[in-house]
Protein chains: 2
Amino acid sequence: MTMSNTGGRRKPPTIHDVAREAGVSRGTVSRVLNGGHYVSPAATEAVNAAIRRTGYVVNRHARSLITGRSDSVGFLLTEPQERFFEDPNFNVLLRGCTQALAAHDIPLLLMLAGTDDERRRITRYITAGHVDGVLLVSSHSGDPVAEELRAAGVPLVACGKPIGLGSKVSYVAADDRDGARDMVRHLLSLGRRRIGVVTGPLDTPGGVERLAGYKEVLLEAGVEIDERLVVPGDYSRASGEAGAERLLAQAPDVDAVFVASDLMAQGVLTALHRAGRRVPEDVAVGGFDDSPAAVAASPELTTIRQPWDRISAEMVRVLLAQIGGEDTAAVILPTELVKRGST
Amino acid sequence: MTMSNTGGRRKPPTIHDVAREAGVSRGTVSRVLNGGHYVSPAATEAVNAAIRRTGYVVNRHARSLITGRSDSVGFLLTEPQERFFEDPNFNVLLRGCTQALAAHDIPLLLMLAGTDDERRRITRYITAGHVDGVLLVSSHSGDPVAEELRAAGVPLVACGKPIGLGSKVSYVAADDRDGARDMVRHLLSLGRRRIGVVTGPLDTPGGVERLAGYKEVLLEAGVEIDERLVVPGDYSRASGEAGAERLLAQAPDVDAVFVASDLMAQGVLTALHRAGRRVPEDVAVGGFDDSPAAVAASPELTTIRQPWDRISAEMVRVLLAQIGGEDTAAVILPTELVKRGST
DNA sequence: CGATCAATTGTGAACGTACACACACCTTGG
DNA sequence: CCAAGGTGTGTGTACGTTCACAATTGATCG
């Protein structure tokens, strides 16, 4: 209860102080601050000098009150959060978005909608206009929060293609299908023909697309698609292990596996090792994501790298464009094949 | 350039609208909103009903403009960020802080001060009063940003004991020393007497404290401290591997190792395995952190768990108290020994 | 019964900024 | 030489809220 904060916080200078210091009016200072049109060079310089001398920083609350903008955006996570926070790619995304926004002097508000209560609170916060737009991370099908925000006309950019196609929301995503194509083509080029696949969850666009790419390339190459070579997974390591076992049982002559995530691929390696199959001699294994799991595995995983740094930058670019009133479309970015020891 | 945002965002209701709807004055509505003292039950109910009917949400900008508070706090990371974003504990911390703040309806602004430019921008942002306080993550010795914020009288709570002792900043930390003591006691109880240690970086409080705990327990137990059993590390996996090799060379009769981080412990396991030592039969290994690396290792690591969920909750509690004008002190939280296969 | 006091409510600033408007000046062209 | 238009600047107002203050009522007390 005692007075702390030694020194205390002094009252910061206002636009009035700057105006007085520079010998001009508030209006002129404001014009120098924003845009800067219709101001003489002399006045501009005087104002800038005064700003430097006084250490003036614009009061964003006052500005927001009148402009209606908040000059901040939310980074919203609606999924069960554990999964994302364990995912290194998610961290790259969060970091990338924060930095890209910082370059525009826009702070990022982290919003975690785990419980229904949080969901309500956050929805209210956003629709009340306390952020100008939202970067959405959610693999969930037809996210109700996203729907509501979209309905309220809140600028919104998702990471990855949202599956609820009813509402058209802009999104930025890696080209899952093309990545899968690259990997399977790579396996074919190694002479493999009995190529299995452990899919991702098929209620997510990523899972669907990666499987589609796999099938496309095989069809193009004239390789018949054997449904015994297709087993489902859910991106977890355990499901990779189970998937590989099922694969070995259903199609013992499998000579390569395209696994829809690195984490699952780790499980596949474990199962293959236990079954006495050598990697890559007997069975080549290709992953997806280029996560730390890829280099932690032995042998190190050949995988598909998604351009997460570019994804975050694009999400911010698209969101700001949308806030600026432009119509925005989806952005699909190319992936990259990273060859390592497992193929 | 065309009109997008189908529907557009309608102008939200203000406190005036609520007042008119409830048949009272602005002042009464405001009183119901904050505190609620000196308002009749009838008025309170009428206002609440009006709020529900109109969907009113307070305009935080207008409120902040007059109160001087922003009702938001910054989560500041000044270190080279890669290290933290790879650290699962950091993610738990970030998540925990966000949720604890959300319970108070306070948004968290993520601030990454990587470059000098970002550092300047963020410092200006904070000292200008755009956040009420800062949660600081930084293992750096004598962080210049922290110093500056402290000098400006900004409420500040650090995670882990800051090493720049010149300025007194509040912090919340796990009891590193006691955790180390627990682990070494555990190793002694297993009958080990030639207990080695791979330390953390000794320019961080954590590294120093964990080493101190190790020495304390040995002295108490009457075991002489052999400097050949003490090798330095920097928390990285590679340094753990190198440390174990050095340990084996300097003191081949080592029968246990206390490793100051799980990541390093992984390296230690690798080196021991290569040297043909069995774990835990020949050499028992104890880690620190209870990170995912602990269960990923084989055998699974006995380790010290830090209460990250409580740490984040305490950081928020202390920061809010400090913002409220209270004097706050350091908070040290107990650790927990987690026994697994490596000892 | 008058006075003091607590409870409750309304009203008028003020917070710091952006924006519309009015005004003054200077140039240009007919 | 005057009208028209561009350029540069100052002033008043509004944004939505909180807070201090005044005003009103009813109750309590000496």
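Between the axis at the start and the axis at the end of the helix from C:dC1-D:dG30 to C:dG30-D:dC1 there is an angle of 40°, using five pairs per end and rounding to 10 degrees.
Counting heavy atoms from C-beta on, the side chains of A:L319 and A:P155 come closer than 4.5 Å. For the pair A:R69/A:I323, no side-chain contact is recorded, criterion being any heavy-atom separation below 4.5 Å from C-beta on. With contacts defined as side-chain heavy-atom distances shorter than 4.5 Å, the pair B:T98/B:F75 does not qualify. The closest side-chain heavy-atom distance from A:R31 to A:H37 is not below 4.5 Å. The shortest side-chain heavy-atom distance between B:L149 and B:L76 falls under the 4.5 Å cut-off. No side-chain heavy atom of B:I15 sits less than 4.5 Å from a side-chain heavy atom of B:R63. You'll find the side chain of A:N59 stays beyond 4.5 Å of the side chain of A:T14, heavy atoms only. B:D17 has its side chain within reach of B:R20: a pair of non-hydrogen atoms, C-beta onward, lies under 4.5 Å apart.
Residues satisfying the side chain to side chain donor-acceptor pair (under 3.5 Å) criterion with A:R53, sequence neighbours excluded, are A:E21.
The residue among B:G23 and A:N34 whose nearest nucleotide of DNA chain C lies closer to the 5′ end is B:G23. DNA chain D is contacted by both A:R26 and A:A43; A:A43 maps to the nucleotide lying nearer its 5′ end (nearest heavy atom per residue).
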TODO: Report the C-alpha distance between A:L320 and A:I106 in whole Å, list the side-chain angles of each, state the deciding distance to 0.1 Å, and finish with yes or no for side chain to side chain contact (heavy atoms under 4.5 Å, CB included).
DONE: CA-CA 10 Å; A:L320 294 184; A:I106 297 178; 3.7 Å; yes

TODO: For side chain to side chain contact (heavy atoms under 4.5 Å, CB included), just list the numbers for A:L94 and A:L77, CA-CA rounded to whole Å, side-chain angles, deciding distance to a tenth of an Å, and then say yes or no.
DONE: CA-CA 10 Å; A:L94 177 54; A:L77 197 58; over 6 Å; no

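From the 5' end on, the contacts that DNA chain C makes with chain A at under 4.0 Å to a non-hydrogen atom open and close at C:dG16 to C:dA18. Taking 4.0 Å as the cutoff to heavy atoms of chain B, we find the contact window on DNA chain D bounded by D:dG16 to D:dT18.
Under 4.0 Å is where a charged nitrogen must lie from a carboxylate oxygen, and between A:D117 and A:R121 at least one such pair does.
Among pairs with a residue in residues 92-126 of chain B, those fulfilling ring-ring contact (aromatic ring centres under 6.0 Å, His included) read B:Y125-B:H130, at least two apart in sequence or across chains.
Near DNA chain C, meaning a heavy atom under 4.0 Å away, the residues from residues 59-69 of chain B are B:L65, B:I66.
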